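What follows is a single structure, written as structure tokens, with notes after it.
Remember, predicted model here, so these are calculated numbers, not experimental data.
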There are 2 protein chains.
Amino acid sequence: MTRELTPKGSATRQRIIDGAAAEIREHGVAATTLDDVRRRTGTSKSQLFHYFPGGREELLLAVARYEADRVLSDQQPQLSGLTSWPAWEEWRDVLIQRYRRQAWDCPLDALISQLGPSTPGARAVVTELLNRWQGDIAAGVRAMQGQGEIDPRLDAEHAAAALLAGIQGGIVIRLSTGRFTHLEAALDVGIQHLRASRDRHPVDH
Amino acid sequence: MTRELTPKGSATRQRIIDGAAAEIREHGVAATTLDDVRRRTGTSKSQLFHYFPGGREELLLAVARYEADRVLSDQQPQLSGLTSWPAWEEWRDVLIQRYRRQAWDCPLDALISQLGPSTPGARAVVTELLNRWQGDIAAGVRAMQGQGEIDPRLDAEHAAAALLAGIQGGIVIRLSTGRFTHLEAALDVGIQHLRASRDRHPVDH
DNA sequence: TTTCGACTGGACTTGCCGGTCCAAATTTAT
DNA sequence: ATAAATTTGGACCGGCAAGTCCAGTCGAAA
């Protein structure tokens with residue numbers, strides 16, 4: 001399974017992934033052909049299949065993994081340090097900045113609807129991304145609970161799930177309509193929900 | 001532009017749209033070929049291009065419009081009558097039911113990432129869908145504000161945008177991971193945010 | 001320096017799929 | 001009834017893009 005790659009080889013392999021990812025970000029998954037990648041990265045057909053014997057599908061999966069990592073690392077170090085309200089706000093801003101820049105296609109969205117049903121591999125990549133993402137948010141919630149800044153009765157995973165859903169939806173809407181007000185609104189409401197939990201009268205009808 | 005269609009003709013046209021929509025729901029946009037639609041609907045190539053001179057793209061756009069209408073009409077009458085807390089809960093349940101059933105691909109998501117960048121038409125369809133959707137939610141918020149059930153200082157459009165983002169994200173996550181807990185969480189938190197607004201101390205630091 | 005395996009180049013094959021075309025059937029209008 | 005228009009059938013075309021193949025080159029170890 002794990003092939004032995006010389007430094008030169010793995011450099012080429014990485015160059016292919018980088019180029020494919022860029023190509024996809026610019027033109028979308030569907031419009032990206034192997035020849036496009038080949039042209040952009042200055043490689044030949046045989047190299048593509050040498051490094052990705054599974055062909056297009058395997059390359060796409062590698063790109064998905066690469067992009068999934070980027071999604072989280074682009075939010076660091078903020079995402080891992082949600083231990084004060086200013087930190088939460090800073091994270092919010094970083095997120096909005098990131099998706100304000102990324103005007104086009106969310107590679108992962110596209111990849112899912114492209115490979116989604118057919119390959120379980122793509123699903124696994126996305127699922128793991130979301131799990132880690134939600135886990136980091138939930139950790140932040142618990143940290144704040146530890147400081148008495150958030151109502152301890154609040155279910156951290158549940159709140160994190162809702163916030164994550166809002167983020168995803170905000171991004172999707174951003175991609176379809178071009179407006180990112182929804183992403184901002186979702187983050188604002190989500191964070192305010194946490195913030196206000198302390199001040200809320202225990203209703204629980 | 002508007003062609004004259006005999007009843008028979010428009011029946012065939014509709015049959016094609018229905019069939020294409022079903023095919024797409026089952027196998028995704030990318031995997032659906034004109035021959036698949038042809039086979040499923042018992043039509044011939046020439047009919048497809050007779051009724052959709054713009055070819056595949058025009059057909060896909062028609063399907064998008066059809067599905068967009070379905071999205072909203074599937075939420076009626078609940079979506080238009082968000083005038084009491086039980087009504088909100090009922091709407092919530094209807095939504096969850098709908099997407100619990102729709103296991104596969106959200107045609108609109110897929111269509112956007114497929115036609116998205118290329119055709120402004122597809123964007124327009126999605127944008128209008130989201131606008132109407134958000135408008136209905138915001139109308140419900142205002143109705144509740146009129147009854148004193150929601151803090152009148154709360155921005156109805158902002159809250160509706162956040163809720164809509166949560167819904168979209170919940171659906172996306174549902175499609176990628178198969179789990180619909182996020183959709184539930186987003187709706188719960190979004191509605192609770194409205195509900196609790198009355199009880200919240202005016203912080204506004 | 002020779003040799004072996006990893007790496008590269010690019011021509012070629014293959015199948016698919018969107019789109020065209022024209023002739024036949026059927027319906028509508030007069 | 002008959003002409004005109006709409007609807008239908010399906011063979012055919014052309015291009016594109018994934019994947020194959022083999023002939024080479026390069027680099028490191030013996």
Side-chain angles (χ1 to χ4, degrees), chain A residues 1-21 23-24 26-64 110-111 114-115 118-119 121-122, chain B residues 1-21 23-24 26-64 110-111 114-115 118-119 121-122:
Chain A
M1 192 70 204
T2 46
R3 316 177 55 77
E4 316 219 357
L5 289 189
T6 66
K8 188 177 179 185
S10 65
T12 302
R13 191 188 136 98
Q14 191 56 46
R15 187 157 44 93
I16 293 174
I17 294 180
D18 290 347
E23 197 72 24
I24 288 174
E26 288 174 23
H27 308 299
V29 180
T32 298
T33 75
L34 293 187
D35 277 323
D36 292 332
V37 175
R38 208 180 50 60
R39 211 169 300 125
R40 181 177 199 126
T41 59
T43 50
S44 69
K45 260 305 178 49
S46 73
Q47 297 179 51
L48 258 49
F49 283 85
H50 179 69
Y51 293 110
F52 304 95
R56 180 185 156 91
E57 188 171 313
E58 186 177 342
L59 172 57
L60 255 40
L61 198 59
V63 171
L111 282 168
Q114 189 91 9
L115 306 171
S118 49
T119 75
Chain B
M1 192 68 205
T2 47
R3 315 180 55 78
E4 318 219 355
L5 289 189
T6 66
K8 189 177 179 185
S10 66
T12 301
R13 191 188 135 97
Q14 190 57 46
R15 186 156 44 93
I16 293 173
I17 294 180
D18 290 347
E23 196 72 23
I24 288 173
E26 289 174 23
H27 307 300
V29 180
T32 297
T33 75
L34 293 188
D35 277 324
D36 292 332
V37 176
R38 211 179 50 60
R39 209 170 302 125
R40 181 177 198 126
T41 59
T43 50
S44 68
K45 257 316 179 36
S46 74
Q47 295 178 34
L48 257 49
F49 284 86
H50 179 69
Y51 294 108
F52 304 94
R56 179 186 155 91
E57 188 171 314
E58 186 177 342
L59 172 58
L60 254 41
L61 199 59
V63 171
L111 282 167
Q114 189 90 11
L115 307 170
S118 50
T119 75

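- Of the candidates D:dT20, D:dG9, C:dG19, C:dG19 carries the atom nearest the B:Arg56 side chain, counting heavy atoms from C-beta on.
- Side-chain to base pairing of A:Lys45 with D:dG19: one donor and one acceptor N or O lie within less than 3.5 Å of each other.
- The nearest heavy atom of DNA chain C to B:Gly55 and to B:Lys8 marks one nucleotide each, and the one closer to the 5' end goes with B:Gly55.
- One interatomic measurement links the two molecules: CG of A:Leu34 to P of D:dA18, which rounds to 4 Å at whole-angstrom precision.
- Across the protein-nucleic acid pair, B:Arg38 atom CZ and C:dG19 atom P stand 15 Å apart, rounded to whole Å.
- Nucleotide C:dC17 holds its C1' atom 14 Å from the CG atom of B:Leu59, rounded to whole Å.
- A heavy-atom distance below 4.5 Å is not found between the side chains of A:Phe49 and A:Leu59.
- For the pair B:Asp36 CG and C:dC16 C1', the computed distance is 11 Å after rounding to whole Å.
- B:Asp18 and B:Arg15 are not joined by a salt bridge, as no carboxylate oxygen comes within less than 4.0 angstrom of a charged side-chain nitrogen.
- Residue A:Tyr51 places at least one side-chain N or O closer than 4.0 Å to OP1 or OP2 of C:dT8.
- Mapping A:Thr33 and B:Thr43 onto DNA chain D by nearest heavy atom places B:Thr43 closer to the 5' end of the strand.
- At least one side-chain heavy atom of A:Glu26 sits less than 4.5 Å from a side-chain heavy atom of A:Arg40.
- A:Phe49 places its CZ atom 8 Å from the P atom of D:dA18, with the value rounded to the nearest Å.
- Note: NE2 (B:His50) to P (D:dA5) measures 14 Å, nearest angstrom.
- A salt bridge links A:Arg38 with A:Asp35: at least one charged nitrogen is closer than 4.0 Å to a carboxylate oxygen.
- Remark: C1' of D:dT8 and CZ of B:Arg39 are 18 Å apart, rounded to the nearest angstrom.
- A:Asp35 has its CG atom 7 Å from the C1' atom of D:dA17, to the nearest Å.
- For A:Gln47 and C:dT8, the shortest distance from a side-chain N or O to OP1 or OP2 is below 4.0 Å.
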Could you walk me through whether B:Thr41 and B:Thr12 pass the side chain to side chain contact (heavy atoms under 4.5 Å, CB included) check?
CA-CA 9 Å; B:Thr41 59; B:Thr12 301; over 6 Å; no
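- Nucleic acid contact for A:Ser46: base, since at least one base atom lies under 4.0 Å from a heavy atom of the residue.
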